[in-house]
A.B. asks: 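The structure is given below, and queries will be raised subsequently.
All values below come from the heavy atoms of this structure, side chains included, with hydrogens, waters and symmetry mates left out. Numbers here are sequence positions counted from 1.
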Amino acid sequence: MDGNGARAIADGAKGTRMGRTRVKICGIRSAEHALAAVDAGADAVGFVFVEDSPRAIEPEDAAEILVALPAFVSSVALFRDPDPDVFAEIESVCPTTHTQLHGDESEALVGACGPAIKAIRFDGATIAQELVRWAACADVDAMLVDGSAGGAGTTLDWHALRRAVDEAKPEKPVILAGGLTPENVGEAIAIVRPYAVDVSSGVERSRGEKDVGLIAAFCRAVRRADVQLEG
């Protein structure tokens, strides 16, 4: 991964928000859905390199999708507690713009695989401290806050996250994930004011299968939320 490309996510985006809300569609497994996301207005598409995920993709297949993406659309490789050698091998096959680490990685592992977007599991008792911790890590460009004890894809307490962000005042972008759908993303944006939103299961017709209509509806809902905030 190009370090300059990875750090672009934080360029001019101190704190949680600056300008419009960026959109990432994660768990992409086909060029059709990647280009549908782009056409709908998504800023980034994500590839899951976690073997036991229903959204997992082989690096070679992701690389074929990568070359089909138009200019200025970012790509994100998602890993969970990767072995650094395996990480390096996958990145050599599919050199994405950004890396997202979605496990219990230590600062040392983040350093070996970074710069990266570090996912944090939401816990109301610790989220403020976790935001401070990872914002201080030189190898972290942004923090992605995901679902709570219910697991990834679970809606979290947006008001509590907003309070934690106000307390922590992180000097790096905060990305919101976890249970987002076309129906609720507008409310989530209004409350949290994140730099970006990240969706996967919320735009699927069945587990692991993206729906073009839901992708478009999600992006429209984000744009409507931004217009309302600006108004």
A.B. asks: Would you say the side chain of Leu109 lies within less than 4.5 Å of the side chain of Pro82, judging by non-hydrogen atoms?
C.D. replies: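 Yes, their side chains come closer than 4.5 Å.
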A.B. asks: Using side-chain heavy atoms (C-beta onward) and a distance below 4.5 Å, is Arg20 in contact with Arg223?
C.D. replies: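 A side-chain contact is absent here, since even the closest heavy-atom pair is not under 4.5 Å.
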A.B. asks: Looking at CD of Gln129 and CG of Asp123, how far apart are the two atoms once the value is rounded to the nearest 0.5 Å?
C.D. replies: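 Separation between the atoms: 9.0 Å.
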A.B. asks: Find out if a path of hydrophobic residues (ILVMFWY) with successive side-chain heavy-atom gaps under 4.5 Å connects Leu35 to Ile25.
C.D. replies: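 No, separate clusters.
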A.B. asks: Would you give the length of the straight line joining atom CG of Leu156 to atom CD1 of Ile120, rounded to the nearest 0.5 angstrom?
C.D. replies: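 The CG atom of Leu156 sits 11.5 Å away from the CD1 atom of Ile120.
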A.B. asks: Side chain of Asp139, backbone of Pro115: donor and acceptor closer than 3.5 Å?
C.D. replies: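 A pair under 3.5 Å: no.
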A.B. asks: Do Val50 and Val86 sit in one hydrophobic cluster, given that two such residues count as connected whenever their side-chain heavy atoms are within less than 4.5 Å of each other, even indirectly?
C.D. replies: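 No, Val50 does not connect to Val86 through the hydrophobic network.
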A.B. asks: About how many Å separate CG of Asp226 and CD1 of Ile189, when rounded to the nearest 0.5 Å?
C.D. replies: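 Atom-to-atom, Ile189:CD1 and Asp226:CG are 5.5 Å apart.
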A.B. asks: Is there a donor-acceptor contact under 3.5 Å from the side chain of Thr99 to the main chain of Gly114?
C.D. replies: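 Checked: no pair found.
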A.B. asks: State yes or no: do Leu180 and Leu78 share one hydrophobic cluster built from I, L, V, M, F, W and Y residues joined by side-chain heavy-atom distances below 4.5 Å, directly or via other members?
C.D. replies: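 Leu180 and Leu78: separate clusters.
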A.B. asks: Under 3.5 Å, is there a donor-acceptor pair between the side chain of Asp157 and the main chain of Phe122?
C.D. replies: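 No, because the side chain of Asp157 does not come within donor-acceptor range (under 3.5 Å) of the backbone of Phe122.
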A.B. asks: Cluster question for you: counting only ILVMFWY and a side-chain heavy-atom cut-off of under 4.5 Å, with indirect links fine, are Ile175 and Val132 together?
C.D. replies: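 In one cluster with Ile175: Val132, no.
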A.B. asks: Check Ala77 against Phe49 and note the closest heavy-atom contact, atom names and distance.
C.D. replies: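 So the two residues come closest at CB-CE1, 3.6 Å.
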A.B. asks: How long is the span from the CZ atom in Arg163 to the NE2 atom in His159, to the nearest 0.5 Å?
C.D. replies: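 It comes to 8.0 Å.
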A.B. asks: Fit a plane to each ring of Phe87 and Phe79, take the angle between them on a 0 to 90° scale, and name the class: parallel (under 30°), tilted (30 to 60°) or perpendicular (over 60°).
C.D. replies: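 Judged by the thresholds at 30° and 60°, the geometry between Phe87 and Phe79 is perpendicular.
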A.B. asks: Tell me whether Val73 is reachable from Ile65 by hopping between hydrophobic residues (I, L, V, M, F, W, Y) whose side-chain heavy atoms are closer than 4.5 Å.
C.D. replies: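 Yes; Val73 is reachable from Ile65 via cluster members.
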A.B. asks: Does some side-chain heavy atom of Lys210 sit less than 4.5 Å from a side-chain heavy atom of Arg55?
C.D. replies: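 Counting from C-beta outward, Arg55 and Lys210 do come under 4.5 Å.
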A.B. asks: Check Thr21, Val199, Val227 against Val222 for a side-chain contact (heavy atoms from CB on, under 4.5 Å) and give me the one that passes.
C.D. replies: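 Considering Thr21, Val199, Val227, a side-chain contact (heavy atoms from CB on, under 4.5 Å) with Val222 is found only for Thr21.
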A.B. asks: Could you check if a side-chain atom of Lys118 sits within less than 4.5 angstrom of a side-chain atom of Cys137, using non-hydrogen atoms only?
C.D. replies: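 No. Closest side-chain heavy atoms not under 4.5 Å.
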A.B. asks: Please check if any side-chain donor atom of Thr181 sits under 3.5 Å from a side-chain acceptor atom of Glu183, or the reverse.
C.D. replies: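 Present: a donor and an acceptor within the cut-off.
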A.B. asks: Are side-chain heavy atoms of Phe47 and Ile90 found at a separation under 4.5 Å?
C.D. replies: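 Phe47 vs Ile90: side chains apart.
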A.B. asks: Quick one: do Glu171 and Lys169 satisfy side chain to side chain contact (heavy atoms under 4.5 Å, CB included)? Show the steps, please.
C.D. replies: CA-CA 6 Å; Glu171 287 294 308; Lys169 295 180 173 58; 5.5 Å; no
A.B. asks: Decide if atom CD of Glu209 counts as having more than 12 heavy atoms of other residues, nucleotides or ligands within a radius under 6.0 Å.
C.D. replies: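 Atom CD in Glu209 is packed in, count exceeds 12.
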A.B. asks: Got His98 and Asp141 here, is their nearest side-chain heavy-atom distance under 4.5 Å?
C.D. replies: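 The answer is no, as the side chains (C-beta and beyond) never meet within the 4.5 Å cut-off.
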A.B. asks: Side chain to side chain contact (heavy atoms under 4.5 Å, CB included), that's the test. Do Asp198 and Gln100 meet it? Break it down for me.
C.D. replies: CA-CA 11 Å; Asp198 187 323; Gln100 180 176 319; 3.6 Å; yes
A.B. asks: Does the distance from a Lys or Arg side-chain N to an Asp or Glu carboxylate O, for Arg133 and Glu107, drop under 4.0 Å?
C.D. replies: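 Counted as a salt bridge, because a side-chain N and a carboxylate O are separated by less than 4.0 Å.
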A.B. asks: If a pair satisfies ring pair (Phe, Tyr, Trp, His ring centres under 6.0 Å) and one of its residues is in residues 204-227, list it, with sequence neighbours excluded.
C.D. replies: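 As it turns out, there is no ring pair (Phe, Tyr, Trp, His ring centres under 6.0 Å) pair with a partner in residues 204-227 once direct neighbours are skipped.
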A.B. asks: Is the shortest side-chain heavy-atom distance between Asp146 and His102 below 4.5 Å?
C.D. replies: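 The answer is yes, as the side chains (C-beta and beyond) meet within the 4.5 Å cut-off.
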A.B. asks: Mind running side chain to side chain contact (heavy atoms under 4.5 Å, CB included) on Val212 and His33 for me, showing each step along the way?
C.D. replies: CA-CA 7 Å; Val212 170; His33 291 145; 3.8 Å; yes
A.B. asks: Please name the pair of heavy atoms, one in Ala37 and one in Val45, separated by the smallest distance, quoted to 0.1 Å.
C.D. replies: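 Between these two residues, the closest heavy atoms are CB-CG1, 4.1 Å.
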A.B. asks: Which heavy atom of Gly202 sits nearest to which heavy atom of Pro182, and what is that distance?
C.D. replies: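 In terms of heavy atoms, the two residues are closest at O-CD, 3.5 Å.
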A.B. asks: Shortest non-hydrogen contact from Met143 to Pro170?
C.D. replies: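 For Met143 versus Pro170, the nearest heavy atoms are CE-CB, 3.7 Å.
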A.B. asks: Quick check against the 3.5 Å criterion: does Ser75 have a side-chain atom that pairs as donor or acceptor with the backbone of Thr97?
C.D. replies: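 Yes; at least one donor-acceptor contact below 3.5 Å.
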A.B. asks: Does some side-chain heavy atom of Glu60 sit less than 4.5 Å from a side-chain heavy atom of Val93?
C.D. replies: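 The answer is yes, as the side chains (C-beta and beyond) meet within the 4.5 Å cut-off.
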A.B. asks: Kindly give the heavy-atom pair with the smallest separation between Ala63 and Cys94, and that separation in Å.
C.D. replies: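 Here Ala63 and Cys94 meet closest at N-SG, 3.8 Å.
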A.B. asks: Side chain of Arg205, backbone of Gly213: donor and acceptor closer than 3.5 Å?
C.D. replies: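 Absent.
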A.B. asks: To the nearest 0.5 Å, what is the distance between OG1 (Thr96) and CD (Glu91)?
C.D. replies: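 The distance works out to 4.0 Å.
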A.B. asks: Could you pull out the closest heavy-atom pair between Val76 and Ala44, with the gap in Å?
C.D. replies: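 In this case the closest contact between Val76 and Ala44 is CG2-CB, 4.3 Å.
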A.B. asks: Kindly determine whether Arg193 and Asp166 satisfy salt bridge (charged side-chain N to carboxylate O under 4.0 Å, His left out), including the steps that lead there.
C.D. replies: CA-CA 11 Å; Arg193 309 288 181 95; Asp166 289 340; over 6 Å; no
A.B. asks: For Val23 and Val197: C-alpha separation, side-chain torsions, deciding distance, then whether side chain to side chain contact (heavy atoms under 4.5 Å, CB included) applies.
C.D. replies: CA-CA 5 Å; Val23 177; Val197 290; 4.2 Å; yes
A.B. asks: Quick check for you: to the nearest 0.5 Å, what is the distance between Leu66 atom CG and Glu64 atom CD?
C.D. replies: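 Between atom CG of Leu66 and atom CD of Glu64 there are 11.0 Å.
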